[in-house]
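Read through the structure below, which is laid out as structure tokens, and then see the notes.
Sequential numbering from 1 along the given sequence is applied to the chain's residues.
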Amino acid sequence: MSERYAGPGARRAAERSERQKLALKLWTVLARAHAAVLAHSQADIARHGLTPGEFAVLEALYHKGPLLLGELQRKILVSSGGITYLVDSLERRGLVERRACEQDRRARYAALTPAGERFIAEIFEEHAAAIERAVSGLDLEEQRQAIELLKKLGLNAAALPRPGAGG
């Protein structure tokens, strides 16, 4: 019987520490879980004729009220050009409007129009139910534990210097 050839990657994998193997496995499982839940979210959003970015704008304004464009940009994690594009798109559809900021004439608020308020109110509960179904593989206590663990993981990762960032 001949020995099975193991390439250099397989030999390196065998040499990895248990801690490193576990970290890589966690990253893979986390990415796959995110992709699976995201697919449910995006499918629900698409059936309402929205992009994920448009839905994020509507959802943020629905729950937070009018926001300065910069605040909205940071809240939904898009570029300044991205927020302009999304607000323009929703404005053309009559769902969002820009409002002047009395304290700073250069700043603008994004706010839901009455039509936008009705639209997001109609679709949000269905969206919340779709997410609830997507995460139903965990019971309520497991969901609470996952939230705490993922929050801890995210905060720690955010505080670390990034590779190549000089730290």
| query | Would you call the rings of Y62 and F124 parallel, tilted or perpendicular if under 30° counts as parallel and over 60° as perpendicular? | reply | tilted

| request: Work out which heavy atom in R133 is nearest to a heavy atom in S136; give both atom names and the distance. | output: O-OG, 2.7 Å

Report all side-chain donor-acceptor pairs from residues 106-117 shorter than 3.5 Å, counting only partners two or more places apart or in another chain.
residue: R106; atom: NE; partner: D104; partner atom: OD1; Å: 3.1
residue: R106; atom: NH2; partner: D104; partner atom: OD2; Å: 3.4
residue: T113; atom: OG1; partner: G94; partner atom: O; Å: 2.6
residue: T113; atom: OG1; partner: L95; partner atom: O; Å: 3.3
residue: T113; atom: OG1; partner: A115; partner atom: N; Å: 3.4
residue: T113; atom: OG1; partner: G116; partner atom: N; Å: 3.0

| message | Test of understanding: clusters of I, L, V, M, F, W, Y form through side-chain heavy atoms closer than 4.5 Å, transitively. Do L68 and V78 belong to the same one? | response | no

Find out whether [X] and [Y] are in side-chain contact, i.e. whether some heavy atom of one side chain is under 4.5 Å from a heavy atom of the other.
| X | Y | value |
| --- | --- | --- |
| V96 | L58 | yes |
| Y85 | L90 | no |
| I76 | V57 | yes |
| R93 | E54 | yes |
| K64 | K75 | yes |
| L61 | P66 | no |
| V37 | Q42 | no |

| said: A quick test of your reading: do over 12 heavy atoms of other residues, nucleotides or ligands sit less than 6.0 Å from CD of Q143? | reply: yes

| message | So for atom CD, which belongs to E141, do other residues, nucleotides or ligands contribute more than 12 heavy atoms lying within a distance under 6.0 Å? | response | yes

| F55 ring center within less than 6.0 Å of H127 ring center | yes

So how far is it from [X] [atom1] to [Y] [atom2], rounded to the nearest 0.5 Å?
| X | Y | atom1 | atom2 | result |
| --- | --- | --- | --- | --- |
| S89 | L50 | OG | CG | 8.5 Å |
| H63 | I120 | NE2 | CD1 | 8.0 Å |
| Q145 | L149 | CD | CG | 7.0 Å |
| L86 | Q73 | CG | CD | 10.5 Å |
| N156 | L160 | CG | CG | 4.5 Å |
| I123 | E59 | CD1 | CD | 10.5 Å |

| Salt bridge present between R144 and D139 (N-O < 4.0 angstrom) | no

| Residue pair E126, R47: steps toward the salt bridge (charged side-chain N to carboxylate O under 4.0 Å, His left out) verdict | CA-CA 11 Å; E126 288 180 27; R47 48 185 208 104; 2.3 Å; yes

Quick one: side chains of residues 26-34, donor-acceptor pairs under 3.5 Å with protein atoms, not counting sequence neighbours, listed by atom name and distance.
residue: T28; atom: OG1; partner: L24; partner atom: O; Å: 3.0

| task | Please check if the side chain of R74 supplies one atom and the backbone of G70 the other of a donor-acceptor pair under 3.5 Å. | result | yes

